[in-house]
2 protein chains.
Amino acid sequence: MARTQGSHSDITGPRVRAAALRLFASQGYAAVSMRKIASEVGLQVGALYNYTADKQSLLFDLMNEHLQALLEARANASANGDPMDRLQEFTAFHIRYHEERPDEVFIAYMELRNLSPENFVVIEKLRDRYEGELEAILSDGVRAGVFDLAEPKVSARAIISMLNGVTTWYRRGGRLSLDEVETVYWNMVRKAVSR
Amino acid sequence: MARTQGSHSDITGPRVRAAALRLFASQGYAAVSMRKIASEVGLQVGALYNYTADKQSLLFDLMNEHLQALLEARANASANGDPMDRLQEFTAFHIRYHEERPDEVFIAYMELRNLSPENFVVIEKLRDRYEGELEAILSDGVRAGVFDLAEPKVSARAIISMLNGVTTWYRRGGRLSLDEVETVYWNMVRKAVSR
């Protein structure tokens, strides 16, 4: 087991993960060595193993923590209420939560190929749970007769892909505020699902 | 200059690019060495330089050829006619063209960060041209009073992100045929832009 207790681990552990996130996002998982991560946080490579078992564990931890935090943040959202209101809340939440975490979004999608098969299964389940929350809103709306969608599961994926796109082009301080972007996307989502 | 003439280059050049595409998509640009590409096509690494100046040129050539072929395939589409018909044609074209090229789509988005600044400018212009074709359809539809979109440029990006998502989850032989998937996405796109 990696030693994660001790006087410095509370500070150094998160610094190691932050450095790994930054390096994986900018250079790609396969191109980043444990030596490079160690040097980024000012550790000898041997000392890095006090904070993580190996590079695969670091990648898994980053994705796992990202998705766990995402699901936790969603857990506060109400599952009751009008499907249209819940969809609007989901849309705003997704755009804002991910806009603040472009590196996590990039890695969560792009480095899936580098997860070990066992780790992939865990991450895929968490992603399915998140996607399932949107699918439930869409299915509720279809049952209530306010949405018209033949395939709520496919539509949930389509909406998430569309909203993820914001992180690839939106830059703060540009022509449009995030409020304005949210309005454009919400109008499209709202109409796309409606009867 | 790289030597690209000669008896074998007509066969070997495309094989080099195909191997590079496969390796970049599965392992990431930064993780793939020229030696690995050479070994994949059964060449000595020195001989590889007969077909490409360096790894950066290979990446640029792959993206450039992909986008040039995409724009060429679009050039046959009619720019006249009803904006709704043109949008449907664009949606079907985009889904089908990219579904056949998941590696190219993955690289075109994910390896942008590894392009040299000069190469990035060229690739970005080609991407903008393609996005601009969809934006023109949307703007024409707004002017004709059939579409209701405050920001056609943002909406064009949103639609392209949504349609690109198909390549991340769709597998042939699954529950839905590509025709059915196309219908689900087209219904969403059609409604999303409509009044």
Side-chain angles (χ1 to χ4, degrees), chain A residues 23-33 36 95 103 106-107 109-114 124 127-128 131 138 147-170 174-176 180-195, chain B residues 23-33 36 95 103 106-107 109-114 124 127-128 131 138 147-170 174-176 180-195:
Chain A
L23 290 167
F24 291 165
S26 62
Q27 300 174 30
Y29 173 79
V32 175
S33 64
K36 205 179 272 180
I95 289 175
D103 283 353
F106 191 79
I107 281 181
Y109 282 81
M110 290 320 120
E111 299 296 3
L112 284 175
R113 62 186 173 181
N114 282 314
E124 206 180 26
R127 291 183 53 174
D128 285 351
E131 195 180 286
L138 299 181
F147 298 162
D148 180 19
L149 298 166
E151 292 283 345
K153 193 179 196 65
V154 174
S155 291
R157 285 177 182 154
I159 290 170
I160 286 175
S161 292
M162 184 168 104
L163 301 180
N164 281 341
V166 175
T167 62
T168 65
W169 67 267
Y170 180 74
R175 187 173 63 85
L176 297 172
E180 291 171 311
V181 171
E182 193 189 304
T183 301
V184 171
Y185 278 77
W186 167 239
N187 277 328
M188 292 182 75
V189 169
R190 177 181 55 77
K191 292 193 288 177
V193 304
S194 294
R195 299 198 65 85
Chain B
L23 290 168
F24 291 165
S26 62
Q27 301 174 30
Y29 174 79
V32 175
S33 64
K36 205 178 276 180
I95 290 176
D103 283 352
F106 192 79
I107 281 182
Y109 282 80
M110 290 321 119
E111 299 295 3
L112 283 175
R113 61 186 174 182
N114 282 315
E124 207 180 25
R127 292 184 52 175
D128 286 351
E131 194 181 285
L138 299 181
F147 298 163
D148 180 19
L149 298 165
E151 292 282 346
K153 191 180 198 65
V154 174
S155 292
R157 285 177 183 155
I159 290 170
I160 287 175
S161 292
M162 184 168 107
L163 301 180
N164 281 342
V166 175
T167 62
T168 66
W169 67 267
Y170 180 75
R175 186 174 62 85
L176 296 173
E180 291 171 310
V181 171
E182 193 189 304
T183 301
V184 171
Y185 278 77
W186 166 240
N187 278 327
M188 293 183 75
V189 169
R190 177 181 54 76
K191 292 193 288 177
V193 303
S194 294
R195 299 199 65 85

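Lettering follows sequence order; numbering is per chain, from 1.
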Within the side chain of B:Arg157, is there an N or O that forms a donor-acceptor pair under 3.5 Å with the backbone of A:Thr168?
no
Using side chain to side chain contact (heavy atoms under 4.5 Å, CB included), reason through B:Met188 and A:Ser155 one step at a time and then give a plain yes or no.
CA-CA 8 Å; B:Met188 293 183 75; A:Ser155 291; 3.3 Å; yes
What's the spacing between A:Tyr185 OH and B:Met162 CE if we round to 0.5 Å?
11.5 Å
So, the part of A:Thr183 with a heavy atom under 4.5 Å from chain B: the answer is neither
Could you tell me which portion of B:Ile160 (side chain, backbone, both or neither) has an atom closer than 4.5 angstrom to a non-hydrogen atom of chain A?
neither
Flag the pair A:Val154 / B:Glu180 as yes when at least one side-chain heavy-atom distance between them is below 4.5 Å, and no otherwise.
no
Contact winner vs chain B - A:Glu111, A:Gln27, A:Arg113, heavy-atom pairs under 4.5 Å:
A:Arg113
Region of A:Asn164 that comes under 4.5 Å of a non-hydrogen atom in chain B:
neither
Counting heavy-atom pairs under 4.5 Å with chain B, the top scorer among A:Gly28, A:Ala150, A:Ser194, A:Ala158 is A:Ala158
Which bit of A:Leu176 is near chain B, if near means a heavy-atom gap under 4.5 Å: side chain, backbone, both or neither?
side chain
Option in A:Asn114, A:Val32, A:Asp148 with maximal non-hydrogen atom pairs under 4.5 Å from chain B
A:Asp148
Which answer fits B:Phe106, side chain, backbone, both or neither, if we ask what part of it has an atom under 4.5 Å from a heavy atom of chain A?
side chain
